[in-house]
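As structure tokens, the structure follows; a few thoughts come after it.
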Amino acid sequence: MPELPDVEVFKRYLDATALHKSIQKVEVEDNRVLRDLTVQKLKRRLRGQKIHHSRRHGKYLLANLVEREWLVLHFGMSGRLKYFKAEYSWPQHSRILLTFSNGFHLAYVSQRMLGEVGIFSGDLDDFIEEKELGLDAGEIGWDQFKERFKSRRGSIKSALMNQQIMAGLGNIYTDEVLFQACVHPKTSVPDLDTKQLKSLFEKMNAVLTTAVDCQADPEKMPDSYLLPHRDKGGRCPRSHGELDRIKINSRTTFFCSACQRQP
DNA sequence: CGTGGCTCCTGGCGGC
DNA sequence: TGCCGCCAGGAGCCAC
């Protein structure tokens with residue numbers, strides 16, 4: 001699930017629940033989510049600290065611990081956060097559990113463990129540089145968007161999903177943006193005219209804003225969106241034709257061949 | 001440089 | 001009912 005809107009919702013959730021509370025206990029239920037980081041180091045860096053504020057960049061959420069030190073959360077395909085009180089209500093697939101001084105817990109939940117929990121030392125800009133991330137999709141301006149995409153040769157879907165060009169869009173929201181802009185996902189970037197590129201930029205902003213407003217919940221999204229219709233029998237809300245389903249870069253891609261014309 | 005395939009993982013679902 | 005293969009909203013790596 002976690003693309004930019006989902007992670008933004010996680011950020012707001014974290015901000016509303018876990019700030020300014022002393023971390024008393026750190027439990028690692030499965031150390032595979034730590035990758036190269038040792039359990040010992042994670043505990044040493046977290047215990048006794050507080051999360052002062054958080055930042056999101058693309059699909060990453062960074063929780064600030066001390067000056068130039070962050071707890072890094074990446075959610076892979078199935079990650080989320082859960083703040084709760086009672087011990088017996090631990091969510092299934094909790095991999096990391098923090099216990100605060102008020103007795104509440106914050107769980108990093110990840111069924112498939114494709115995400116990562118880490119510690120980063122440095123400024124946010126250093127992190128972005130190390131991960132080679134492009135500008136955040138929610139903050140990029142039109143001139144930068146145009147600049148970054150016009151030098152690309154591949155398909156627009158691949159480009160929009162490329163975190164080095166721009167960070168935040170994943171498979172689902174890329175399909176949504178292409179659908180809203182009526183652009184076929186296989187269109188090669190150089191074949192797009194400025195008007196189409198501008199439309200993609202504007203629709204991207206609208207989609208991201210709407211998705212965050214809907215708490216990234218497909219059921220709350222407008223019926224005119226692709227999201228609520230992908231997967232369940234799948235009919236285009238505009239043409240009412242059956243949605244097409246293809247693979248691009250081995251990712252399932254939904255689109256409407258009536259609205260999004262073959263390049 | 002871009003694309004497609006494979007890999008890391010777990011678990012739900014449809015088909016037989 | 002049970003088992004199996006397929007698939008899933010991420011992303012790094014490698015061969016072509």
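Every value quoted in this text rests on a predicted model; they were computed, and no experiment measured them. The sequence lines fix the lettering, A, B, ..., with proteins before strands; numbering per chain opens at 1.
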Pairing stems for DNA chain C [at least three consecutive pairs; Watson-Crick or G-U; under 3.5 angstrom]: B:2-8 with C:10-16, B:10-16 with C:2-8
Atom [atom1] of [X] and atom [atom2] of [N]: how far apart are they, to the nearest Å?
X: A:His57; N: C:dA11; atom1: NE2; atom2: P; value: 12 Å
X: A:Arg80; N: B:dT10; atom1: CZ; atom2: P; value: 17 Å
X: A:Asp191; N: B:dG2; atom1: CG; atom2: P; value: 14 Å
X: A:Phe75; N: B:dT10; atom1: CZ; atom2: C1'; value: 18 Å
X: A:Phe254; N: C:dC7; atom1: CZ; atom2: P; value: 12 Å
X: A:Met77; N: C:dC7; atom1: CE; atom2: C1'; value: 9 Å
X: A:Asn162; N: B:dG2; atom1: CG; atom2: P; value: 8 Å
X: A:Lys131; N: C:dG12; atom1: NZ; atom2: C1'; value: 10 Å

Nearest-nucleotide pick for A:Arg152, side chain only, options being B:dG2, C:dC7, B:dT10: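 Comparing B:dG2, C:dC7, B:dT10 against the side chain of A:Arg152, the answer is B:dG2.
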So which residues get pulled into [X]'s cluster when ILVMFWY side chains under 4.5 Å apart are joined, directly or through others?
X: A:Met77; value: A:Leu114
X: A:Phe255; value: A:Ile246, A:Ile248
X: A:Leu226; value: A:Phe179, A:Leu243, A:Phe254

Test side-chain contact (heavy atoms from CB on, under 4.5 Å) applied to [X] - qualifying residues, sequence neighbours left out:
X: A:Ser224; value: A:Pro222
X: A:Val66; value: A:Gln49, A:Glu69
X: A:Ser54; value: A:Lys11, A:Leu14, A:Asp15, A:Leu61

Summary of protein contacts for nucleotides 3-9 of chain B, nucleotide by nucleotide, where a base hit scores B, a sugar-phosphate-only hit scores S (4.0 Å, heavy atoms): SS---BB
Sugar-phosphate, base or nothing in reach of A:Ser110, heavy atoms under 4.0 Å: nothing
Whole-Å [atom1] distance, [N] and [M]:
N: C:dG2; M: B:dC9; atom1: C1'; value: 24 Å
N: B:dG5; M: C:dC6; atom1: P; value: 14 Å
N: B:dC6; M: C:dG5; atom1: P; value: 16 Å

Any side-chain donor near an acceptor of the partner, A:Lys157 and A:Thr253, under 3.5 Å: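 There is such a pair (donor and acceptor under 3.5 Å, judged by atom type) between the side chains of A:Lys157 and A:Thr253.
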Distance test, side-chain N/O of A:Lys59 to OP1/OP2 of C:dA11, below 4.0 Å: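 Checking C:dA11 against A:Lys59, a side-chain N or O does come within under 4.0 Å of OP1 or OP2.
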OP1 or OP2 of B:dT10 under 4.0 Å from side-chain N/O of A:His93: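 Checking A:His93 against B:dT10: no side-chain N or O falls below 4.0 Å of OP1 or OP2.
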Salt bridge present between A:Asp30 and A:Arg32 (N-O < 4.0 angstrom): yes
Partners passing ring-ring contact (aromatic ring centres under 6.0 Å, His included) against A:His74 (at least two apart in sequence or in another chain):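 With neighbours one apart ignored, the set is A:Tyr60.
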Residues in ring-ring contact (aromatic ring centres under 6.0 Å, His included) contact with A:His53, at least two apart in sequence or another chain: A:Trp70
Ring geometry between A:Trp142 and A:Phe201 (parallel below 30°, tilted from 30 to 60°, perpendicular above 60°):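 If you compare the ring of A:Phe201 with that of A:Trp142, the planes turn out tilted.
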Residues forming a salt bridge (charged side-chain N to carboxylate O under 4.0 Å, His left out) with A:Arg56, sequence neighbours excluded: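 Applying salt bridge (charged side-chain N to carboxylate O under 4.0 Å, His left out) to A:Arg56 gives A:Glu8, A:Asp136.
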Residue-level proximity of residues 2-14 of chain A to DNA chain C when a heavy atom falls under 4.0 Å: A:Glu3, A:Asp6
